[in-house]
Every structure is written in structure tokens, then in C-alpha cells.
Amino acid sequence: MATDIGFFKKVHQVAAKIPYGRVTSYGALAKYLGSPKSARMVGWAMNASHNNPDVSAHRVVNRLGLLSGKHHFGGTNLMQQLLESEGVVVEENQIQNFKKYFWDPQKEL
DNA sequence: ATTCTGACGTGGG
DNA sequence: CCCCACGCCAGAA
């Protein structure tokens with residue numbers, strides 16, 4: 001049923017709305033979904049989002065702006081390249097001016 | 001069925 | 001400042 005939306009699906013739907021050139025954190029998404037302590041699941045959901053072309057998992061990083069999930073992007077610096085191609089500055093696997101690029105679903109959605 | 005692990009975050013010592 | 005433990009849910013062995 002379409003009403004059977006689980007945590008993963010919710011994550012996918014929100015993640016799919018992350019604007020171009022913006023990033024957010026797993027915790028922020030989790031919090032928006034009503035489970036601030038389920039940040040891990042958000043990351044897990046990203047793993048499942050490989051089937052969802054609408055979900056850009058590379059725009060989701062941990063709360064420090066670290067590309068913690070880059071190892072799941074083909075195993076190379078693909079994630080960083082994608083971000084940089086969107087105008088996001090990434091250095092040492094960490095997003096610079098993270099706060100500036102940060103997209104808060106609670107605030108902007 | 002049980003156990004462990006995993007793209008995290010917060011809190012306590 | 002650093003280290004450890006807990007919570008959360010799903011999937012794999």
C-alpha cells in the first residue's frame with residue numbers, strides 16, 4: 001500500500017528533495033523524521049537508495065561535514081567529485097563552510 | 001531464531 | 001581533550 005511508508009522510504013523522499021549544491025546530515029534527516037537517534041538508519045537507508053536515482057546520497061554527510069559514506073560510492077573519490085561539481089568545497093574528505101551549505105529539512109522544507 | 005554489524009549522534013566519565 | 005556506552009532499525013551470516 002502506498003500508505004505503508006517505512007523509515008527508509010521517508011528518508012528517500014526527503015533526501016530526494018535536497019537542493020542542488022546543498023548538503024545535509026544524517027542526524028538532521030533522522031530528526032526531521034521524528035527519530036533523532038536513528039541517524040544510523042538514515043545512512044542505512046542511503047545504502048538502499050542505490051536503487052533510487054532521485055536520491056542523491058552524496059549530498060548527505062555526517063554532522064561534521066565528513067564524507068563518511070564516500071567508501072560506498074564506487075570506492076573512490078566519486079562522492080567528493082560530485083559535490084565539487086555542484087560547487088561544494090571539499091577538502092580532506094570534509095566539506096568546507098559546511099554550515100553555509102547545510103540544508104535543514106525542518107527549516108527549509 | 002539469534003547475533004553482529006553498520007553511510008550516526010548524543011551524553012557521560 | 002579523549003574514550004566509552006547507549007539508542008535506533010534493518011539486513012546478512
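The model shown is predicted, which means the values in this text are computed figures rather than measured ones. Just so we're on the same page: letters track the sequence lines, and every chain starts at 1.
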- Query: Going by heavy atoms closer than 4.0 Å, what residues in residues 99-109 of chain A are next to DNA chain B?
  - Reply: none
- May I have the step-by-step check of side-chain contact (heavy atoms from CB on, under 4.5 Å) for A:Leu67 and A:Gln94, ending in yes or no? CA-CA 6 Å; A:Leu67 277 54; A:Gln94 182 168 33; over 6 Å; no
- According to the interplanar angle, ranging from 0 to 90°, do the rings of A:His58 and A:Phe73 count as parallel (below 30°), tilted (30 to 60°) or perpendicular (above 60°)? perpendicular
- Using the salt bridge (Lys or Arg N to Asp or Glu O under 4.0 Å) rule, collect all pairs that involve residues 29-56 of chain A, keeping only residues at least two apart or in two chains. none
- Are the side chain of A:His12 and the backbone of A:Ala45 linked by a donor-acceptor contact shorter than 3.5 Å? yes
- Task: Report the C-alpha distance between A:Arg59 and A:Trp103 in whole Å, list the side-chain angles of each, state the deciding distance to 0.1 Å, and finish with yes or no for side-chain contact (heavy atoms from CB on, under 4.5 Å).
- Result: CA-CA 10 Å; A:Arg59 293 186 188 140; A:Trp103 178 78; over 6 Å; no
- Query: Does A:Asn97 use its side chain to pair, donor to acceptor, with the backbone of A:Lys100 at less than 3.5 Å?
  - Reply: no
- Item | Partners passing side chain to side chain donor-acceptor pair (under 3.5 Å) against A:Asn77 (at least two apart in sequence or in another chain) | A:Gln81
- Task: Would you classify A:Phe8 as touching base, sugar-phosphate or nothing, given that sugar-phosphate means primed atoms plus P, OP1 and OP2, and contacts are heavy atoms under 4.0 Å?
- Result: sugar-phosphate
- With rounding to whole Å, what would you report as the distance between B:dA7 and C:dC2 at their C1' atoms? 24 Å
- Task: Might you work through the side-chain contact (heavy atoms from CB on, under 4.5 Å) test for A:Leu29 and A:Thr24, ending with a clear yes or no?
- Result: CA-CA 8 Å; A:Leu29 294 178; A:Thr24 191; 4.0 Å; yes
- Task: At the 4.0 Å heavy-atom cut-off to chain A, mark where contacts on DNA chain C begin and end, going 5' to 3'.
- Result: C:dG7 to C:dG11
- Sub-4.5 Å side-chain heavy-atom contact between A:Pro105 and A:Val14: yes
- Task: If a protein heavy atom is under 4.0 Å from the base, mark B; if only from the sugar-phosphate, S; if neither, -; do that for nucleotides 8-13 of chain B going 5' to 3'.
- Result: BSS---
- Note on the structure: By side chain to side chain donor-acceptor pair (under 3.5 Å), A:Glu84 pairs with (sequence neighbours left out) A:Gln80
